[in-house]
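Accompanying notes for the structure given below.
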There are 2 protein chains.
Amino acid sequence: MPPATPKRRNAEKTQQAILDAARQTFFEKGYDAAGTREMADRANVNVALINRYFGSKEGLFKKAILPELNIEFLLAGDMADFGQRVANMFAAKTGEKEFDPLVALLRASTSKEAIPLLRQTVEDQIIKPLALRLNGNTAHERASLIVTQLAGYDLLNRVVDVQTTSTGGTEDMVRLLGKTLQDLVDRV
Amino acid sequence: MPPATPKRRNAEKTQQAILDAARQTFFEKGYDAAGTREMADRANVNVALINRYFGSKEGLFKKAILPELNIEFLLAGDMADFGQRVANMFAAKTGEKEFDPLVALLRASTSKEAIPLLRQTVEDQIIKPLALRLNGNTAHERASLIVTQLAGYDLLNRVVDVQTTSTGGTEDMVRLLGKTLQDLVDRV
DNA sequence: ATGATAAGTAATCAACTGTTGACTTATATA
DNA sequence: TATATAAGTCAACAGTTGATTACTTATCAT
């Protein structure tokens with residue numbers, strides 16, 4: 001039965017609910033496999049409202065996921081211990097189920113429709129800002145290699161769920177990944 | 001019009017044609033977006049034969065893609081110059097349009113159905129054999145980091161088509177990637 | 001030549017996709 | 001209180017998808 005009080009109308013809250021549901025759904029299922037009906041149900045909202053407010057699924061993806069891409073957490077801090085700091089963060093979030101924009105991007109990275117959006121986002125929002133923090137004339141290449149390493153790390157560990165560590169803990173992995181990243185910061 | 005000579009029946013050739021078409025289609029489109037009808041059309045074969053001969057789309061993927069995963073080319077050669085050798089190979093195939101099992105795997109890496117198959121393949125066919133060629137007690141971790149770096153490199157360069165090199169050539173990229181990989185071989 | 005068997009075909013199923021247009025209903029202003 | 005407008009609903013479209021069924025036809029051993 002429908003609620004006795006027929007639910008107050010509030011466009012802003014509705015759009016926010018759609019955005020939240022979309023973020024979670026895109027994060028869990030990638031782009032293609034994330035259905036608009038599922039998102040609408042999660043947001044307790046009619047499907048048609050997605051198109052009304054965001055134009056299309058692609059428009060929703062743009063507003064829900066792309067702005068979440070914030071690599072401040074990567075750049076904030078001394079570059080002298082960038083490697084260990086970042087390695088720790090990435091190792092710590094292995095197995096984490098909460099929304100992570102990077103993983104959302106990875107899960108969408110094989111979708112024809114999403115790829116053009118991803119390409120620009122990765123170049124402008126991730127590689128370029130990171131390259132600006134590096135010294136030397138190969139800054140862009142080294143920034144790219146840092147990003148490819150981190151993308152591959154998250155892809156295997158969190159998307160495909162591959163076993164990358166052998167015995168016991170992750171200390172070895174953190175140390176090795178940290179050293180690899182730091183070498184790229186320090187000009188290899 | 002149908003061919004005057006109504007086409008000789010040959011189960012083996014038919015299956016081979018399906019496998020070839022499937023390889024190309026999975027390579028181009030990943031797992032979900034690769035339709036059985038498209039594969040059948042490419043192979044000049046009736047769709048129903050896919051299910052007759054391979055049981056399901058998943059069965060076809062197993063027979064068409066997984067056996068192609070051959071990392072002999074990675075392990076063949078002296079480990080003393082593994083880094084430069086492999087970096088050269090990966091840089092050279094950027095932009096390449098021909099079938100590449102690694103890229104096929106990457107394009108399938110976000111599909112719910114394909115992930116369990118990928119996980120086991122990556123662990124057993126790639127990471128473990130590579131780890132066996134490395135010395136020291138962190139061999140598995142370092143092999144994993146080599147694989148994550150190469151996976152991320154191919155994902156960004158060949159799937160998402162990101163610009164990872166700055167000015168002109170790829171020499172800098174090859175040198176930096178090669179050094180990074182070699183350091184992981186040599187214990188970081 | 002005649003059956004048995006394997007190979008290939010055609011139609012259809014049920015489920016799902018994103019999107020749209022016409023509709024109803026609540027809310028706030030005049 | 002009447003009314004314009006924004007918010008939300010509903011049903012349907014037109015296209016997919018992988019898979020199955022009953023069927024026809026070619027091939028080969030007897």
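First the proteins, then the strands, lettered A, B, ... as listed; each starts at 1.
A salt bridge links Arg42(A) to Glu38(A): at least one charged side-chain nitrogen sits closer than 4.0 Å to a carboxylate oxygen. The residues Lys93(B) and Asp154(B) are annotated as salt-bridged, a charged nitrogen and a carboxylate oxygen being separated by less than 4.0 angstrom. Under the 4.0 Å criterion applied to side-chain N and carboxylate O atoms, Asp100(B) and Arg158(B) are assigned as salt-bridge partners. A salt bridge does not link Arg175(B) with Glu141(A): every distance from a Lys NZ or Arg NE/NH1/NH2 to an Asp or Glu carboxylate oxygen is 4.0 Å or more.
When rounded to the nearest whole Å, the span between CD1 of Ile50(A) and C1' of dT17(C) equals 13 Å. Taking atom CD1 of residue Ile18(A) and atom P of nucleotide dT9(D), one finds them 10 Å apart after rounding to whole Å. Atom CG of Leu49(A) and atom P of dT24(C) are 17 Å apart (whole Å). When the C1' atom of dC16(C) is taken as reference, atom NZ of Lys112(B) falls 14 Å away, rounded to whole Å. Glu58(A) places its CD atom 13 Å from the P atom of dG18(C), with the value rounded to the nearest Å. For the pair Glu113(A) CD and dT17(C) C1', the interatomic distance rounds to 11 Å; values are reported in whole Å. If you take CG of Asn46(B) and C1' of dC23(D), they are 12 Å apart, rounded to a whole angstrom. In this structure, Lys29(A) atom NZ and dT17(C) atom C1' are separated by 13 Å, rounded to whole Å.
By the 30° and 60° cut-offs, the orientation of the rings of Phe61(A) relative to Phe26(A) is perpendicular.
Under 4.0 angstrom from either OP1 or OP2 of dA7(C) there lies no side-chain N or O belonging to Thr14(B).
With hydrogens and angles ignored, no donor-acceptor pair under 3.5 angstrom links the side chain of Arg8(A) to the base of dT27(C).
Within the cation-pi definition used here (under 6.0 Å to the ring centroid, within 45° of the axis), Lys57(B) qualifies as a partner of Tyr31(B).
Side-chain atoms of Thr164(B) and Asn157(B) include a donor-acceptor pair closer than 3.5 Å.
Residue contacts shown for Phe54(A) are absent, as no nucleic acid heavy atom lies under 4.0 Å away.
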Would you list the protein and nucleotides 13-18 of chain D atom pairs, both N or O, that sit under 3.5 Å from each other?
unit_1  : atom_1 : unit_2   : atom_2 : d
dG18(D) : OP1    : Ala34(B) : O      : 3.2
dG18(D) : OP1    : Lys57(B) : NZ     : 2.8
dG18(D) : OP2    : Thr36(B) : N      : 3.0
dG18(D) : OP2    : Thr36(B) : OG1    : 3.1
dG18(D) : N7     : Arg37(B) : NH1    : 2.8
dG18(D) : O6     : Arg37(B) : NH2    : 2.8

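Residue Arg9(A) has its side chain nearest to dA6(D) when only dA6(D), dT9(D), dT9(C) are considered. The listed nucleotides are dT20(D), dA7(C), dT27(C); the one nearest the side chain of Arg52(B) is dA7(C). With distances taken from any side-chain atom of Ala48(A) to the nucleotides dG8(D), dC10(D), dT9(C), the minimum falls on dC10(D).
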